[in-house]
Student: 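So that we are looking at the same thing, I have put the structure below in structure tokens.
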Amino acid sequence: MTRYSAAEIEARWQDAWDKAGVFRAARDKSKPKYYVLEMFPYPSGRIHMGHVRNYTMGDVIARYKIANGFNVLHPMGWDAFGMPAENAAMASGGHPKDWTYGNIADMRGQMKPLGLSIDWSREFATCDPEYYGQQQALFLDFLDKGLVYRKEAVVNWDPVDMTVLANEQVIDGKGWRSGAEVERRELTQWFFRISDFSGELLEALDGLENWPAKVRTMQENWIGKSRGLQFSFERVDGGQIEVYTTRPDTLLGASFVGISPDHPLARELEAKDPEVAKAVAAMRKGGTTEEAIEKAEKLGHDTGLKVRHPLDPDWELPVWIANFILMDYGTGAIFGVPAHDQRDLDFCRKYDLPVIDTFFALDDPKPVGNEAFVPPKSEKVKWVDHFTGIDVATGQEAIDATIDFAEAQGWGKGVTQYRLRDWGLSRQRYWGCPIPVVHCDACGVVPEKKENLPIRLPDDVSFDVPGNPLDRHPTWRDCACPACGKPARRETDTMDTFVDSSWYFARFTAPRAETPTVMEEAEYWMNVDQYIGGIEHAILHLLYSRFFARAMHICGHLPEKSKEPFDALFTQGMVTHAIYQTRDANGRPVYHYPEEVELRDGKAFLKDGREVEIVPSAKMSKSKMNVVDPINIISSFGADTARWFVLSDSPPERDVEWTASGAEAAFKHLSRVWRIASDAAGSDAPASDADEALAREMHKAIHDVTMGIESFGFNAAIARLYAFTNAIQKSQAGAEAKRAALRVLAQLMSPMTPHLSESVWEMLGGQGLVINAPWPRADEAMLVEESVTMPIQINGKRRAEISVAKDMDKAEVEKLALATDAVQRALDGGSPKKVIVVPGRIVNVVV
RNA sequence: GCGGGCGUGAUGGAAUGGUAGACAUAUCGGACUUAAAAUCCGAAGGGGGAAACCCCGUGUGGGUUCGAGUCCCACCGCCCGCACCA
């Protein structure tokens with residue numbers, strides 16, 4: 001008998017699959033297609049357990065679909081542009097390109113041993129000129145269709161490093177390298193018109209039935225549809241201020257009009273009044289994220305201007321500039337109702353403005369103090385002399401009535417607003433896809449000609465000086481204007497890396513094409529039947545991809561059906577691990593790698609005997625030293641063990657805790673399967689009475705495991721496989737019956753542990769490769785037992801059980817049930833009030 | 001605050017409204033062994049009892065039902081997302 005040697009068989013079978021070309025995807029109209037895709041990785045250089053779990057799940061689906069006769073596309077690539085490469089270049093001097101391609105080679109080398117069913121011939125990286133050149137072509141098509149435009153937008157500016165900062169480079173309002181206080185600056189930048197699609201992107205969410213409800217809700221909130229009233233306040237000194245409100249019903253509670261520091265009126269006042277300029281400058285300090293703006297202290301400046309209330313010309317309201325009002329939302333101006341909005345109330349209390357109640361709770365009509373009264377819009381409230389004549393009504397009813405009233409009177413109109421803003425794609429960095437336009441003194445902004453694509457990044461750049469190397473490159477910027485031929489300058493901004501990941505799934509259908517996609521291939525392979533990735537991409541990546549699919553359809557790069565490119569989405573949980581920590585003299589935690597720790601009786605100790613605190617289930621992170629390197633696991637146990645474990649312990653959508661004991665148990669189990677198979681291969685035990693029972697077990701296992709895989713219940717499928725293995729091991733069946741059961745076991749395990757399964761299949765005389773064997777089918781007749789054990793309940797509690805023929809009629813079952821000791825005791829000579837018999841399931845006697 | 005999700009043994013977790021705790025980990029006992037490892041067999045929700053067996057038990061309290069971990073209502077706790085969004 002040979003021992004289970006993962007290293008040996010895994011290399012051998014990967015080689016065999018490679019030689020047989022089993023994962024090469026080619027169009028084949030005679031077969032149904034299936035496109036399974038896991039979110040492609042950023043090439044950091046090391047794979048981690050999260051990757052292993054993500055790709056294993058995709059691999060289970062892919063291999064299962066192959067066995068079910070589908071023509072499967074299962075590709076892999078690299079999300080390869082982005083700041084880490086530039087940061088690495090700044091820190092240690094190399095070139096982002098070398099760093100990135102080196103990392104890709106390393107990671108590919110770490111992934112291949114996992115034995116994934118990937119068609120590596122389709123692999124690409126988004127930093128390949130062949131890929132980003134096609135992305136530039138898409139950009140030009142989008143430009144042509146009016147889906148991209150330029151406008152002024154605010155960026156984070158580091159005044160010491162003289163560079164634009166990404167949000168993640170702003171820490172507590174300061175630049176990450178310089179430590180200087182970040183300012184907001186305006187630059188002219190490119191934008192995708194995603195907000196034109198707000199309504200469509202929102203409505204189409206309803207059709208995404210195989211997406212998690214959670215993700216749909218998150219996108220719904222992000223798009224943020226609201227209906228409100230838009231109208232203008234007349235300024236006492238002439239002119240108007242247009243406002244948008246979702247609570248027009250509270251108009252009588254207004255105590256001021258607020259405008260954003262970026263509002264045109266604020267700009268106008270800023271230019272001529274140094275007081276205003278000073279106040280506005282203070283409001284512009286800090287980062288550009290909404291979070292940063294929110295966390296800033298509330299600041300206001302009274303402009304001295306007054307506006308007239310639309311319902312009462314004698315009622316004048318002051319106009320304030322306030323830092324919590326966003327120019328991007330609505331009209332950049334509001335009216336403040338402190339009684340029914342906490343921000344407005346805080347503002348009014350700070351600057352001593354009046355607070356006017358417009359409605360009260362039905363049961364508690366008390367004036368607002370320091371807490372705004374904001375009941376749900378569906379709750380009925382008592383109104384204070386409302387101008388539309390409303391007395392008791394819900395907020396929503398009052399809002400609708402107010403919009404109708406304003407429209408009838410002609411001073412306002414109902415408007416639907418979306419929170420979703422256009423997608424700014426310009427980045428002032430080197431390691432990204434160059435935006436293919438040219439700036440000409442004579443012609444302005446001119447798109448590059450398609451025949452000049454790709455516009456390649458220059459290789460001769462350095463990162464020893466802050467700022468964008470493209471900007472200070474001696475020659476790269478110089479070019480001829482595509483329109484007039486005179487000397488002109490290239491755009492030096494590159495694209496947001498979210499652009500790269502917004503269409504890679506389409507590119508996989510024709511990865512070497514000279515156009516972004518090939519319609520014939522896209523028609524055949526799209527859509528992605530199953531997309532798998534982390535919940536952290538619930539909003540941006542998935543929303544941008546949905547927009548891109550629509551835009552690509554408009555430009556003729558994707559078929560109509562691909563406007564929603566992902567038919568089904570699955571979001572998997574993280575791989576977590578306990579954190580082991582001790583404390584230093586100041587009580588701060590000191591972390592320890594799992595390898596440095598010994599576990600005894602549920603406690604952990606260092607080598608020197610000191611006890612270690614265990615913090616359970618935290619996301620694996622290098623800084624907390626609670627990482628387990630998949631490479632170490634593969635070299636000590638093999639890929640099949642790693643694959644089996646990441647699927648076995650928790651439902652796939654939940655986090656799974658990596659434990660050394662669990663990994664060892666997985667390995668022990670696979671070794672046991674090997675041993676059982678190897679025993680059965682050499683056995684000549686004659687057929688026996690137990691054969692039939694084992695065959696029944698086998699068909700039940702086929703049924704349950706199939707259901708488990710179909711429903712993403714991988715952990716349940718694995719539990720079932722454990723049980724089936726136990727049944728085979730304990731069975732007294734003959735050699736042939738055992739071998740048949742083990743061949744099926746190999747097939748059922750093959751999506752999770754493909755290498756071991758091939759070996760077991762081979763040992764037991766399976767034909768060809770198990771990857772090419774059709775998925776076993778459960779014989780329905782074998783699933784039903786002739787006799788069943790029926791529990792007997794008395795008043796809903798289980799008290800006894802009887803074994804009866806499967807098809808015994810109800811009256812017969814009832815008679816047997818009533819005759820049991822337990823029931824006789826409970827009846828105590830009386831007769832039951834009621835007897836429920838559910839055939840084949842249960843008997844309940846009510847006494 | 002709003003939206004979503006989740007609360008089951010020591011632990012991870014199973015349970016189309018029908019035997020709660022499958023399967024696995026940790027634990028304990030036994031076999032094999034000079035011994036250990038590996039392997040195999042077995043025990044194990046809590047309480048009571050010599051035993052047959054009985055009582056209690058899926059965060060808490062109610063409800064629907066012959067029957068509720070599962071459905072409904074309220075509450076408590078935890079997790080995630082969003083938010084000065086007008």
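Order of the sequence lines sets the chain letters (A, B, ...), proteins ahead of strands, with each chain counted from 1. Keep in mind that the numbers below use all heavy atoms, side chains included, and drop hydrogens, waters and symmetry copies.
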Student: At 4.0 Å (heavy atoms only), tell me whether A:Tyr244 reaches a base, stays on the sugar-phosphate, or touches nothing.
Tutor: base
Student: Assess the side chains of A:Asn726 and A:Arg672: does a donor N or O sit below 3.5 Å from an acceptor N or O?
Tutor: yes
Student: Does the B:C66 base have a donor-acceptor partner in the side chain of A:Asn844 within less than 3.5 Å?
Tutor: yes
Student: Does A:Arg654 put a side-chain nitrogen or oxygen below 4.0 Å from OP1 or OP2 of B:G12?
Tutor: no
Student: Can you tell me if A:Glu653 has over 12 outside heavy atoms packed within less than 6.0 Å of its CD?
Tutor: yes
Student: Between B:A68 and B:A14, how many Å separate the two P atoms, rounded to a whole number?
Tutor: 23 Å
Student: Using the P atom as the reference point in each nucleotide, state the distance between B:G18 and B:A24 in Å, no decimals.
Tutor: 24 Å
Student: Quick check against the 3.5 Å criterion: does A:Arg419 have a side-chain atom that pairs as donor or acceptor with the backbone of A:Trp222?
Tutor: yes
Student: For nucleotides 51-58 of chain B, tabulate all protein N/O to nucleotide N/O atom pairs closer than 3.5 Å, reporting atom names and distance.
Tutor:
{"unit_1": "B:C55", "atom_1": "OP2", "unit_2": "A:Arg799", "atom_2": "NH2", "d": "3.1"}

Student: Using atom C1' in both nucleotides, what's the gap between B:G57 and B:U19 to the nearest angstrom?
Tutor: 15 Å
Student: Considering every strand and a 4.0 Å limit on heavy-atom distances, what is the contact class for A:Asn795: base, sugar-phosphate, or nothing?
Tutor: nothing
Student: Distance between the P atoms of B:U11 and B:A22, in whole angstroms?
Tutor: 15 Å
Student: A:Asn715 near the nucleic acid: base, sugar-phosphate alone, or nothing, with a heavy-atom cut-off under 4.0 Å?
Tutor: sugar-phosphate
Student: Base of B:G9 relative to its sugar, syn (within 90° of 0) or anti?
Tutor: syn
Student: Does a donor on one side chain sit under 3.5 Å from an acceptor on the other, for A:Ser195 and A:Asp422?
Tutor: yes
Student: Looking for any heavy atom pair under 4.0 Å, which part of the strands does A:Val838 touch: base, sugar-phosphate only, or nothing?
Tutor: base
Student: For A:Lys833, report the nucleic acid contact type (base, sugar-phosphate, nothing); a contact means any heavy atom under 4.0 Å.
Tutor: nothing
Student: Once you apply a heavy-atom cut-off of 4.0 Å, does A:Ile325 come out as touching a base, just sugar-phosphate, or nothing?
Tutor: base
Student: Need to verify one output field. Residue with the more 5' nearest nucleotide on RNA chain B, A:Lys834 or A:Glu664?
Tutor: A:Glu664
Student: Side chain of A:Lys730, heavy atoms from C-beta onward: which of B:G18, B:U25, B:C41 has the nearest atom to it?
Tutor: B:C41
Student: Let's see if you can work this out: which of B:C23, B:G81, B:U19 has an atom nearest to the side-chain heavy atoms of A:Pro791?
Tutor: B:U19
Student: Among A:Tyr722, A:Phe724, A:Phe645, A:Phe637, which residue meets the ring pair (Phe, Tyr, Trp, His ring centres under 6.0 Å) test with A:His669?
Tutor: A:Tyr722
Student: More 5' along RNA chain B: A:Ile539 or A:Ile842, using each one's nearest nucleotide?
Tutor: A:Ile842
Student: Using atom P of each nucleotide, how far apart are B:U70 and B:C54 to the nearest Å?
Tutor: 25 Å
Student: Using the P atoms only, state how far B:A44 lies from B:C23, rounded to an integer number of Å.
Tutor: 13 Å
Student: Name the closest nucleotide to the A:Pro651 side chain, picking from B:U16, B:C85, B:G13.
Tutor: B:G13
Student: Would you indicate which nucleotide in B:U16, B:U19, B:C40 comes nearest to any side-chain atom of A:Arg841?
Tutor: B:U16
